[in-house]
Amino acid sequence: MSIDISQMEELRNIDQKAREEIARKVGRILARQEKGNGNEDALQLAQLLVEDVAVSVREALAKELRACSFLPLDLVSKLSQDIDQVSMPFLVASQAIDDAFLEEIVRSCGANAQQAIAQRSSLSEAVSFAISDVGSLGAVTSLIANDGAEISERSCSRVVERFPEERSLMEKLAERADLPPVVVERIIFKVSKRYGEYLSEKFGLATDYASYLVSMANRQVFSRTLEMAPLSEIDNYLKQLMAIDGLTSDVLLNYLQNGNVRLFTMAVAVRLDRPYEAVEGKLAQGDKKIVARLLEAAGFSKSVIGVLLIAYERLIRGH
């Protein structure tokens with residue numbers, strides 16, 4: 001295809017279908033050529049076509065240019081910031097966009113652009129972290145499901161920080177082959193029992209899920225992590241523990257001894273099958289007899305209640 005630069009302006013008067021075909025041919029020419037290999041005319045024509053008023057013309061050009069490994073930054077920018085019909089397929093597959101520009105788009109553009117980038121066949125750690133750091137829930141979900149994305153410990157940690165209550169997202173994170181072991185403890189109580197068992201087996205944490213959860217519950221560092229979680233997560237975790245007879249007096253005693261007031265309150269609420277707020281209101285009265293009645297209703301023996309009350313009083317005095 002020979003391009004007469006002096007006639008490029010005449011494109012504006014050509015039939016739309018003809019302009020679409022020209023856009024496809026220009027895109028194919030650029031996709032076949034190497035950078036600097038006599039492609040200046042085609043590039044100038046592409047610059048004109050990317051400004052075309054017809055969406056179908058810009059879409060045809062963008063589709064073909066996905067396979068081009070070189071493009072001027074301004075052309076890439078225009079295609080990337082066009083309407084979704086044009087920009088999304090380009091962002092997903094363009095070979096001409098470098099990591100720096102991808103990261104810039106993630107941090108400056110909207111959710112659709114972020115999600116398109118998250119679906120690319122491969123993503124560097126830097127771009128993956130940008131999506132983890134500022135991306136929409138949809139973009140982060142696509143990222144976690146993308147096996148071609150390099151996801152580091154800092155990316156995983158950021159996802160957990162931003163979306164702690166999104167159980168389905170946590171479970172997708174658990175499925176990744178490259179999940180850092182240090183992140184497991186942060187998500188074990190955010191997922192369903194099935195995924196908890198999966199993680200336990202995957203990382204050799206314990207063969208028995210119940211014993212694993214109980215051992216984790218008795219670790220001070222885990223208790224501190226769980227204490228900072230949203231109430232919905234604490235409720236989810238403790239209900240799972242209750243279902244396997246793991247929400248024992250030892251666990252409640254551990255919470256009291258470590259000053260984990262929210263955990264202790266939720267644990268009592270779960271054992272009583274009552275709302276957290278109702279139990280919190282009772283405990284807030286600071287009446288030892290009320291606490292004793294709650295613990296008795298939760299199924300503990302008098303001797304166990306005595307031990308828990310001693311720890312409870314120490315905790316209250318400390319506050």
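FYI, the numbering just counts along the sequence from 1.
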Discussion item. If you count every heavy atom of other residues, nucleotides or ligands that lies below 6.0 Å from Lys78 atom NZ, does the total exceed 12?
Written reply: yes
Worksheet item: Is any NZ, NE, NH1 or NH2 atom of the basic residue among Arg107 and Asp133 found under 4.0 Å from an Asp or Glu carboxylate oxygen of the other?
Response: yes
Worksheet item: Regarding Arg271 and the six-membered ring of Phe300, is the cationic atom NZ or CZ under 6.0 Å from the ring centre and inside 45° of its axis?
Response: yes
Item to complete: Using the rule that two of Ile, Leu, Val, Met, Phe, Trp, Tyr join whenever any of their side-chain heavy atoms come within less than 4.5 Å, decide whether Val140 and Val134 are in one cluster.
Response: yes
Worksheet item: Once you round to the nearest 0.5 Å, how far does CG of Leu73 lie from CG of Asp98?
Response: 8.0 Å
Worksheet entry | Contact check, side chains of Thr248 and Leu253, non-hydrogen atoms, under 4.5 Å | no
Discussion item. Please determine whether a side-chain nitrogen of the Lys or Arg among Asp15 and Lys17 lies less than 4.0 Å from a carboxylate oxygen of the Asp or Glu.
Written reply: no
Discussion item. Applying side chain to side chain contact (heavy atoms under 4.5 Å, CB included) to Glu313 and Lys288, what does each step give before you reach the verdict?
Written reply: CA-CA 8 Å; Glu313 287 183 307; Lys288 183 177 177 181; 3.4 Å; yes
Worksheet item: Which atoms form the tightest heavy-atom contact between Phe129 and Ser155, and what is the distance?
Response: CA-OG, 3.3 Å
Practice prompt. I would like to know whether Tyr276 and Val270 meet side chain to side chain contact (heavy atoms under 4.5 Å, CB included); could you show each step before the answer?
Written response: CA-CA 8 Å; Tyr276 174 88; Val270 168; over 6 Å; no
Worksheet item: Distance from Leu295 atom CG to Ile290 atom CD1, nearest 0.5 Å?
Response: 12.0 Å
Practice prompt. Kindly work out whether a path of hydrophobic side-chain contacts (I/L/V/M/F/W/Y, heavy atoms less than 4.5 Å apart) joins Val92 to Leu143.
Written response: no
Worksheet item: Is there side-chain contact between Asn146 and Gln119, with at least one heavy-atom pair below 4.5 Å?
Response: no
Worksheet, complete the sentence: Tightest non-hydrogen contact, residues Leu49 and Val57, listed as CD2-CG1, 3.9 Å
Worksheet item: Quick one: do the Gln81 and Ser87 side chains pair a donor with an acceptor below 3.5 Å?
Response: no
Fill in: Pairwise side-chain contact, Leu65 with Leu75, heavy-atom cut-off 4.5 Å (strictly under)
yes
Item to complete: Please report the closest heavy-atom contact between Met88 and Asn112, naming both atoms and the distance.
Response: SD-O, 3.2 Å
Worksheet entry | Side chain Asn258, main chain Asn254, donor-acceptor under 3.5 Å | yes
Response to the item:
Output for pair (Ser80 OG, Leu91 CG), nearest 0.5 Å, gives 4.5 Å
Worksheet item: Gln115 and Ser142: which non-hydrogen atoms are nearest, and at how many Å?
Response: NE2-OG, 3.3 Å
Worksheet entry | Side chain to side chain, Gln95 and Cys68, heavy atoms closer than 4.5 Å | no
Worksheet item: So, Ser232 versus Glu165: side-chain donor-acceptor pair below 3.5 Å or not?
Response: yes
Worksheet item: Considering all heavy atoms of both residues, which atom of Ala23 and which atom of Leu61 are nearest to each other, and what is their separation?
Response: O-CD1, 3.7 Å
Fill in: Carboxylate-amine/guanidinium proximity below 4.0 Å for Glu175 and Lys172
no
Discussion item. With rounding to the nearest 0.5 angstrom, report the OG to CD1 distance, Ser132 to Ile151.
Written reply: 6.0 Å
Item to complete: I would like to know whether Ile234 and Tyr237 meet side chain to side chain contact (heavy atoms under 4.5 Å, CB included); could you show each step before the answer?
Response: CA-CA 5 Å; Ile234 298 175; Tyr237 170 73; 5.9 Å; no
Fill in: Heavy-atom neighbours of Asp74 CG exceed 12 at 6.0 Å
yes
Practice prompt. Without swapping roles, check the side chain of Arg58 against the backbone of Asp52 for a donor-acceptor pair under 3.5 Å.
Written response: yes
Worksheet item: Out of curiosity, Phe90 CZ to Glu59 CD, how far, rounded to the nearest 0.5 Å?
Response: 13.5 Å
Worksheet item: Is the number of heavy atoms from other residues, nucleotides or ligands within 6.0 Å of CZ (Arg176) greater than 12?
Response: yes
Practice prompt. Starting from the C-alpha separation in whole Å, work towards a yes-or-no answer on side chain to side chain contact (heavy atoms under 4.5 Å, CB included) for Leu283 and Phe264.
Written response: CA-CA 10 Å; Leu283 294 177; Phe264 174 75; 4.1 Å; yes
Practice prompt. Ignoring hydrogens and angles, tell me if any N or O in the side chain of Arg120 forms a donor-acceptor pair with the backbone of Ser94 under 3.5 Å.
Written response: yes
Discussion item. How close do Pro89 and Arg66 get, counting heavy atoms only, and between which atoms?
Written reply: O-CD, 3.3 Å
Practice prompt. Using a strict cut-off of less than 4.0 Å between a Lys/Arg side-chain nitrogen and an Asp/Glu carboxylate oxygen, indicate whether Glu21 and Arg24 qualify as a salt bridge.
Written response: yes
Worksheet item: Should Arg154 and Glu125 count as an ion pair when the cut-off is N to O under 4.0 Å?
Response: yes
Item to complete: Apply salt bridge (charged side-chain N to carboxylate O under 4.0 Å, His left out) to the pair Glu296 and Arg293, showing each step before the final yes or no.
Response: CA-CA 5 Å; Glu296 183 178 6; Arg293 285 199 294 270; over 6 Å; no
Worksheet entry | Gln240 side, atom CD; Leu247 side, atom CG - distance, nearest 0.5 Å | 12.0 Å
Worksheet item: Does Cys156 reach the side chain of Val159, with side-chain heavy atoms less than 4.5 Å apart?
Response: no
Worksheet item: Taking atom types as modelled and ignoring hydrogens, do the side chains of Thr265 and Glu280 form a donor-acceptor contact shorter than 3.5 angstrom?
Response: no
Worksheet item: So do the side chains of Arg314 and Ile310 get within less than 4.5 Å of each other, counting heavy atoms only?
Response: yes
Item to complete: Verify, without hydrogens or angle tests, whether Gln114 (side chain) and Val106 (backbone) share a donor-acceptor contact under 3.5 angstrom.
Response: yes
